[in-house]
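To keep things clear, I will list the structure first and then write my remarks on it.
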Amino acid sequence: MSLGLYRLVAIETRRNAGVWLVVAIPLVSWWLLSAWGWVAILWSSTNEQLQAAVAPFAVPAVAGVAAWMAGRDRRRGIEDLLDSTPASPATREIALWAATAAWGVLAYAAFATYMMGRTALSATWGGPDLWRVAIVLAAILAGAAWGFLIGRLIPSRLTPPLVTVAGLGSMQFVANYRVPAAGGESNPSWVNYLAPDKTTPETAPWQMLLYIGLTITALAGSALRHRRTEIHLAALAIAALPALAGAVMIWGSWPRYDPTTGLMRDGWGRPITPPNPATQPVCRGSPVSVCVHPQYLPLLDQAVEEANRLVEPLLGLPGVPMRAEEGDVGFVGGGSSSLFEVGNQAWLSVTAFADDLVAAPESRVDGAIVNEAQLAIRIWLIERVRIRHAYTLGCHEGIPAIVTEDSWRPLHEFVPGSSNPAGMPTPQICQAVERFSRLSPAEQRDWLEAHYADLRAGRLALDDLP
């Protein structure tokens, strides 16, 4: 960058409407994080949510501001005056585009620094996905370039809002486009990965190529406005090649399921083998230990505490599982109703460990508990400790219910006229839970000592409960 161009960019940056992007982009992105559920302790969540929260708004917003700045000189009637200055029109346009894009990049960088900094202070496994970071950056530059080009071609006050709305609409259409599937359903498409808020390891390099190509194409189109020579036309055609190549490679790299072989294949029919890195679980706790993926280590202590509370009435009985494996511990993370708690909503639920406590694997049907006595004791174990969970089947005052972390709702509100298929609590099961809960701890212990082995083996009926 020459010294003159650098100074021109610095001047344009100071008198640019893009400064408002530094406020708008973080605010909207923060709101989207609250709706979609960012979990600040997980790099996987930060990588995905940074891309998904910033790109849908930032790219069309930058494009709209660039379109507004592109028509500034015409609105002020100073185009002829500027043509008399030493700087060439191409130099002035590149400086104005760069200055506008710089504010969008600055807003993105500030937001990304906050999210990654917060994750780096608490995460125990993983790291930033630089492909996702770079793709959003390239998309912002491409949005600014195309917004600027359209603003130059159609210099109207209506152009900026129309560019913003069109950009937002087209990105949502592409990101959510689906193709028909058997049974009246629909499936995602490779078209989804033309949008900057979705990425797979296979498509990431080609998405980057696509947006770099789009940026160069728009800038070449701006230059073509001033000199329509064969050289400039050839430059425009050459500039469009990376964008076209990126789109073709996204189509070819996107994984497709082959029902005949059960394998994932790319667009050229080659099998795709997903990486399967072996990660040793981390186990902690006594007398009951809980094992989880290393990324969940910041949440493990609470899970250990709840698992030990769950097992407490069974301690000392023969055959009691004393270790909750990875499959018994479910991660729960979601959106926040408060903008001040974004990133904090996450915990590990050990409710699935209750299945192992009351039912041996061989007593289940296709992995599910169907024995009514086992279901009753399972519900009793979970309800007596009020452990945190996002969703489970339970009872409330003798009525089958859907149980969330902070509320109960009768099951029939979710399944009107339900006949209580296998595995769901019935009124009879809930009544048995109520009776067992009213027993004294000593009476509950006596019954468990006498019947626990038969309970886990599935040899008890509901009438065998006291």
Side-chain angles (χ1 to χ4, degrees), residues 25-58 108-136 175 196-201 204 274-275 277 279-285 290-307 324-353 387-392 403-407:
I25 289 177
L27 285 179
V28 174
S29 299
W30 186 256
W31 176 77
L32 290 175
L33 284 182
S34 71
W36 293 340
W38 172 42
V39 182
I41 65 169
L42 303 180
W43 275 112
S44 57
S45 178
T46 296
N47 291 329
E48 180 180 346
Q49 294 300 335
L50 173 61
Q51 183 182 25
V54 174
F57 173 76
Y108 171 53
F111 196 72
T113 299
Y114 168 77
M115 288 186 66
M116 291 186 172
R118 183 171 169 183
T119 302
L121 292 175
S122 56
T124 56
W125 186 87
D129 187 339
L130 298 182
W131 273 120
R132 292 179 181 267
V133 175
I135 287 169
V136 177
D197 58 340
K198 296 181 183 293
T199 297
T200 67
T279 304
Q280 287 295 112
V282 176
C283 299
R284 180 183 294 176
V290 179
C291 300
V292 296
H293 189 283
Q295 67 178 335
Y296 300 129
L297 189 58
L299 305 174
L300 184 54
D301 288 341
Q302 183 184 26
V304 168
E305 178 186 351
E306 294 185 344
E325 303 292 348
E326 279 191 87
D328 299 322
V329 184
F331 171 74
V332 181
S336 172
S337 58
S338 170
L339 291 176
F340 298 101
E341 296 180 0
V342 176
N344 298 326
Q345 301 299 308
W347 66 88
L348 295 174
S349 173
V350 296
T351 53
F353 182 47
I387 61 177
R388 296 184 74 178
H389 44 72
Y391 168 93
T392 190
V403 187
T404 59
E405 181 189 359
D406 54 3
S407 66

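Just so it is clear, the model here is predicted, and its values are computed rather than measured.
The shortest distance between side-chain heavy atoms of Phe57 and Leu27 does not fall below 4.5 Å. At a threshold of 4.5 Å between non-hydrogen side-chain atoms, the residues Met115 and Leu33 count as touching. Side-chain atoms of Leu348 and Gln302, non-hydrogen and from C-beta on, never get closer than 4.5 Å to each other. Contact annotation: the side chain of Phe331 approaches that of Leu299 to within less than 4.5 Å [non-hydrogen atoms, C-beta and beyond]. A heavy-atom distance below 4.5 Å is not found between the side chains of Tyr296 and Val282.
If you take CH2 on Trp125 and CD1 on Ile41, they are separated by 13.0 Å, rounding to the nearest 0.5 Å. With values rounded to the nearest 0.5 angstrom, Gln295 atom CD is found 12.5 Å from Trp43 atom CH2. The structure places CZ of Arg132 at 9.5 Å from CG of Leu50, a figure rounded to the nearest 0.5 Å. Between the CD1 atom of Ile135 and the CG atom of Leu130 there is a distance of 11.0 Å, given to the nearest 0.5 Å. Once rounded to the nearest 0.5 Å, the distance linking CG of Leu42 with OG1 of Thr124 reads 8.0 Å. Atom-to-atom distance recorded for Arg118:CZ and Thr46:OG1 is 9.0 Å, nearest 0.5 angstrom.
The minimum heavy-atom distance linking Pro26 with Phe111 is given by the pair O-CE1, 3.7 Å. Across every non-hydrogen atom of Met116 and Pro128, the tightest pair is CE-CB, 3.9 Å. Shortest non-hydrogen contact noted between Ser122 and Ala40 is OG-O, 3.8 Å. Minimum heavy-atom separation, Val350 to Ala307: CG2-N, 4.0 Å. Of all the heavy atoms in Val39 and Gly333, the pair that sits closest is CG2-CA, 4.2 Å. Here the shortest heavy-atom pairing between Asp197 and Pro56 reads OD2-CG, 3.7 Å.
Side chain of Gln51 to main chain of Pro196: a donor-acceptor pair is present (N/O by atom type, distance under 3.5 Å, no hydrogens or angles). For Trp36 (side chain) and Gln49 (main-chain N/O), no donor-acceptor pair under 3.5 Å exists by modelled atom type. Side-chain atoms of Asn47 never come within 3.5 Å of backbone atoms of Val133 as a donor-acceptor pair (strictly under, hydrogens ignored).
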